[in-house]
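Down below is the structure, laid out as C-alpha cells.
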Amino acid sequence: MRRIGSSIMILTLALVYAPAPGQDLQTLVPHALQFAQQQLRQSVLEIGDSARFARSSQSDGSWKTTPARDWTSGFFPGALWYMYEYTNDPFFKKSAEKWTAGMVEQQFDRGTHDLGFKIFCSYGTGNRLSPSEEYQKVIVQAAKTLSGRFNPVVGCIKSWDNRKWVYPVIVDNMMNLELLFWAAEHGGPKELREIAVKHAETTMKNHFRADGGSYHVLSYDTTNGSILVRNTHQGYADESVWARGQAWAIYGFTMTYRFTKDPRFLATAQRAADYYLQRLPADHVPYWDFQAPEIPNEPRDVSAAAITASALFELSSYVKTEKQKEEYLRHAKNILRSLCAAPYLAEGTASHAVLNHATGSKPANSEVDVSIIYADYYFIEAMLRYLKLGK
Ligand code: GLY
C-alpha cells in the first residue's frame with residue numbers, strides 16, 4: 001500500500017514538474033537545472049571516491065567511472081562547480097573541491113593534449129568561482145606541461161602518442177588552447193599565448209574544407225611541417241564531418257577570438273557554425289556525423305548539440321551585425337529548447353546523468369547512444385550562459 005502511495009506521489013511530482021511541450025526557455029531552463037541538480041547530487045553520493053570520475057552511463061543507467069588520467073575526468077568536477085555557481089549550495093562547493101583535488105597530479109601529465117579539458121574545466125572553473133593561489137599554480141603548471149607538446153616546425157601541439165599517425169593533430173585540440181591563453185595572462189610565460197595562436201592559425205589553415213566543414217585528424221611531417229594525411233578517427237569517413245569535431249571547432253575558434261580579438265578566428269568560428277547549423281535535423285540535435293550513411297536511422301550526438309549551444313551564446317556576443325547576433329541566439333535557444341525536454345533530458349529514464357543520446361565513438365562502437373559527462377557539462381554551461389543573458 002505504501003508502495004502504491006509513493007508511486008502515486010512520484011507520478012504526481014512528475015506531472016507537476018514535467019515541462020509541457022512548447023514551454024518557453026524561461027520555464028524549461030530552471031526546470032532542467034533543477035533536474036541536473038538532483039542528478040549531480042545523487043552522482044556525488046553514488047561515486048563517493050574522489051579518485052573516480054563519472055564518464056558515461058551503463059545499461060542500468062549508473063555511471064561508468066574513470067580514473068583522473070582519462071581525458072574526461074575534469075568534466076565531473078567542472079559540472080559540480082557550475083552547479084555551485086547556480087545554487088550557491090555548500091554541498092556542491094565541497095564536492096567540486098573534493099573531485100578537483102582528485103586531479104592534482106594531472107598537471108604533470110605530458111602524455112596528452114587533453115590537459116586543457118582536464119585542468120581548465122576543473123581547476124579553471126573552480127578558480128573563477130573560488131579563486132586561490134593553489135588553483136592558479138596548478139593551472140599555470142598544466143599549461144607549461146601542455147606546451148611541451150608543441151612542435152614549432154609543424155606549428156601545432158601534438159594530440160596523441162603511440163597511434164598510427166606520425167604527428168596527429170585533431171580538431172578537438174582547439175579546446176585545449178583556453179588553458180594556454182589563460183595561463184599566459186595569469187603569471188605563466190608569454191610563449192604560452194604564442195603557441196596557442198600558432199596552433200589556431202595552423203588549424204584554421206589546414207583543418208577546414210572550402211564549405212567550412214572540418215577534418216578530424218591531420219598528421220604532419222615533423223621535418224618540414226607538410227601535411228601527410230587527412231583522416232578521421234571518430235567520424236564516418238575521412239571526407240565526412242564528425243558532428244562533435246565540428247562543435248569543438250565552433251567553440252574552440254570562438255574562445256580563441258575571445259582571447260585574441262583576431263577577426264580571422266571569428267570568421268573561422270562563423271564558417272564552422274554556419275556549416276553545422278545548415279545541416280541540422282528538425283529538432284536541432286545532430287546525428288553523430290553529418291554524412292552518416294543511414295540518416296535518419298543513425299544515433300544522435302547530444303554532446304555536439306550542448307557544446308554548440310554554449311559556443312553560440314558566446315559567438316552571438318562577438319558578431320558584427322544585429323542580424324547575425326539574433327540568428328546565432330535563435331539557434332542556441334532552439335538547441336536548448338530541445339535539450340531541456342524528452343527524449344534528450346534524462347528525466348524519467350534510468351540514466352543517472354542529465355542528458356541522454358550522446359555518442360562517443362560510433363566507429364569503435366564505444367559509448368553509442370548513452371549519457372556522457374561532457375554533454376552534461378556543456379549543457380549546464382549553456383544554460384548558465386542563457387540565464388546570464390537575462391532574456
Ligand atoms: N576529444 C575526444 C572526443 O571528443 O571524443
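Residue numbers start at 1 and run along the sequence shown. Atoms within a ligand are numbered from 1 in the order they appear, just like the ligands themselves.
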>> Here's a test for you: under ring-ring contact (aromatic ring centres under 6.0 Å, His included), which of F117, W71, F379 qualifies with Y374?
In response: W71
> N/O to N/O below 3.5 Å, does that happen between D114 and ligand 1?
Replying inline: no
>> Which residues pass the salt bridge (Lys or Arg N to Asp or Glu O under 4.0 Å) test with E367, not counting sequence neighbours?
In response: R55
>> Would R230 and Y215 count as a cation-pi pair here, with the cationic atom under 6.0 angstrom from the ring centre and within 45° of the axis?
In response: yes
> Say you draw a straight line from CD1 of I119 to CG of D109; how long is it, rounded to the nearest 0.5 Å?
Replying inline: 9.0 Å
>> Show me which atoms of ligand 1 lie under 4.0 Å from any heavy atom of Q234.
In response: 3 (C), 5 (O)
> Taking only heavy atoms of W242, which atoms of ligand 1 are found under 4.0 Å from at least one of them?
Replying inline: 3 (C), 4 (O), 5 (O)
>> If the cut-off is 4.0 Å to any non-hydrogen atom of D172, which atoms of ligand 1 fall inside it?
In response: 1 (N), 2 (C), 3 (C), 4 (O)
